[in-house]
Protein chains: 2
Amino acid sequence: MSKLEILVIDDEPQIRKLLEINLESNGYKVLQAESGKEGILLSANRAPDLIILDLGLPDKSGHEVLKELRVWYKKAIIILSVQNNENDIVLALDNGATDYLTKPFRTGELLARIRASLKRNTSPEGNALNLFNDIEIDFVGRTVKREGDLIKLTSTEYDLLALFANNAGRVLTHQYILREIWGVGLQTETQYLRVFVGTLRKKIEISPNRPRHIITESGVGYRFV
Amino acid sequence: MSKLEILVIDDEPQIRKLLEINLESNGYKVLQAESGKEGILLSANRAPDLIILDLGLPDKSGHEVLKELRVWYKKAIIILSVQNNENDIVLALDNGATDYLTKPFRTGELLARIRASLKRNTSPEGNALNLFNDIEIDFVGRTVKREGDLIKLTSTEYDLLALFANNAGRVLTHQYILREIWGVGLQTETQYLRVFVGTLRKKIEISPNRPRHIITESGVGYRFV
DNA sequence: TTAGTGCATAAAGAATTTGTAAAAAATAAA
DNA sequence: TTTATTTTTTACAAATTCTTTATGCACTAA
């Protein structure tokens with residue numbers, strides 16, 4: 001899994017440095033902007049997973065930046081500000097800020113609030129369902145259905161099918177499949193593959209001897225449709 | 001549109017009164033509880049749209065209440081506490097609190113944070129009572145029934161079943177289950193899991209050697225249906 | 001035709017994984 | 001303390017999955 005990206009929009013270099021160190025040591029990738037304009041540009045180009053926004057920017061008010069971002073940016077925006085007056089807090093939250101922290105802040109708390117915000121980013125549970133005609137693969141649940149009925153697959157069979165499904169339409173060479181599923185040591189055991197394709201076909205194809213999903217590409221490999 | 005309901009769990013009557021006045025004048029309906037137990041019960045019965053929870057309760061720690069609620073309650077929980085130390089804040093947020101405010105708080109800010117939390121309240125309804133065919137699990141009472149008859153489970157057995165029920169239909173790996181129930185240190189003790197799945201099956205399955213609820217996914221983990 | 005190559009399938013054996021019973025240890029209750 | 005309950009270990013049986021071998025078919029080229 002790749003690192004989550006966090007964009008820091010703040011004009012104070014010390015704060016940016018402090019955040020950079022803390023965030024990177026916690027496994028995040030950090031992008032930096034020192035003005036509102038640059039921040040908006042970067043958000044549009046890189047689509048970070050979370051934005052930390054300072055209210056006191058040189059070129060334009062942080063409230064304005066927040067408003068502009070919220071037109072299209074749907075993920076978490078945490079406000080970080082020296083302003084501790086209620087009006088600013090209420091305004092920011094009502095403009096769609098996910099959270100509001102006042103400087104000086106405690107890094108542990110900030111990290112916890114970042115975790116909480118990121119958790120909610122993904123919450124509308126996008127069950128990664130993949131449909132291939134009569135075959136339905138649920139990558140989250142690790143289950144496979146044909147015409148609504150659950151099919152029992154062994155773990156290798158599932159891995160193989162998932163590999164096919166993730167490369168639907170593409171021809172996968174024997175070598176490549178063997179390397180992905182069995183590892184580099186067994187790249188030459190083409191017979192494994194034949195056996196497993198056989199059992200998979202028996203389970204997911206309507207007529208296994210006339211496969212419509214796992215197509216043989218003679219001399220090369222297989223293709224999933 | 002009917003009024004949104006907010007449950008206040010706090011043992012201080014003054015705070016409850018203050019919140020009641022402020023919330024009701026802002027168009028919310030207010031429910032009140034003065035202990036953790038009462039709060040959990042009320043949440044289960046009334047399913048409020050948001051919960052405001054004080055950490056310093058007389059009967060049990062607010063952190064415990066939060067954890068118990070989060071097993072099934074999916075909407076916003078805002079923590080209100082005199083504790084301003086980082087550990088409490090981090091713990092609460094990591095346990096699923098939506099937000100954390102320290103007393104004394106500014107009502108305008110609280111209201112803004114409530115609005116922000118309610119806006120994000122999109123997750124599907126969680127229910128304290130869960131039905132899986134003949135099995136009925138009550139997350140509030142921590143009780144399990146099969147065809148109406150109470151089943152006696154040890155606490156680990158219950159935790160395991162609750163974990164399964166909260167992830168019904170999806171395959172849970174051995175590692176994941178062990179981490180959730182026994183903690184990070186015992187991730188490799190797969191045998192524990194076998195024994196407990198065995199006893200659980202004996203208690204909830206009609207024919208334990210042909211399980212219909214806890215399905216083995218050989219080489220991977222288990223799946224609950 | 002006949003040998004050669006690549007693929008499909010069945011089935012036996014090997015290896016791994018899982019289930020179960022029961023004893024030992026730890027914890028909670030009386 | 002004693003007793004009861006729950007959890008952790010241990011040992012072995014059962015089931016499942018993976019690997020290997022054998023065989024037949026289809027196609028191609030000499």
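Each chain gets a letter, A, B and so on, in the order its sequence line appears, and its residues count up from 1.
The shortest distance between the side-chain N/O atoms of A:Thr154 and the OP1/OP2 oxygens of D:dT17 is not below 4.0 Å. For B:Thr216, a side-chain nitrogen or oxygen approaches OP1 or OP2 of C:dG19 to under 4.0 Å. When the side-chain nitrogen and oxygen atoms of B:Tyr222 are compared with OP1 and OP2 of C:dG19, one or more of them lie within a distance under 4.0 Å. The phosphate of C:dT18 (OP1 or OP2) has a side-chain N or O of B:His174 nearer than 4.0 angstrom.
Rounded to an integer number of Å, the gap from CD1 of B:Ile181 to C1' of D:dT6 is 15 Å. Atoms CG (A:Asp159) and P (D:dC18) sit 9 Å apart, rounded to a whole Å. For the pair A:Trp182 CH2 and D:dT20 P, the computed distance is 12 Å after rounding to whole Å.
DNA chain D is contacted by both B:Ser218 and B:Lys152; B:Lys152 maps to the nucleotide lying nearer its 5′ end (nearest heavy atom per residue).
On a pure distance criterion of 3.5 Å, no polar donor-acceptor pair joins the side chain of B:Glu189 and the base of D:dT7. On a pure distance criterion of 3.5 Å, a polar donor-acceptor pair joins the side chain of A:Gln191 and the base of C:dT9.
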Criterion ring-ring contact (aromatic ring centres under 6.0 Å, His included) on B:Phe132 and B:His213, from CA distance to verdict: CA-CA 8 Å; B:Phe132 302 92; B:His213 282 298; 7.6 Å; no

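At a non-hydrogen distance threshold of 4.0 Å, A:Tyr192, A:Val195, A:Phe196 from residues 192-214 of chain A come into contact with DNA chain D.
Residue-level contact check: A:Thr156 touches the backbone only, with heavy atoms under 4.0 Å from sugar-phosphate atoms and none from bases.
Between A:Lys75 and A:Asp49 there is a salt bridge, since a side-chain N of the basic residue sits under 4.0 Å from a carboxylate O of the acidic one. A:Asp159 has a carboxylate O that lies under 4.0 Å from a charged side-chain N of A:Arg142, or vice versa, which qualifies the two as a salt bridge.
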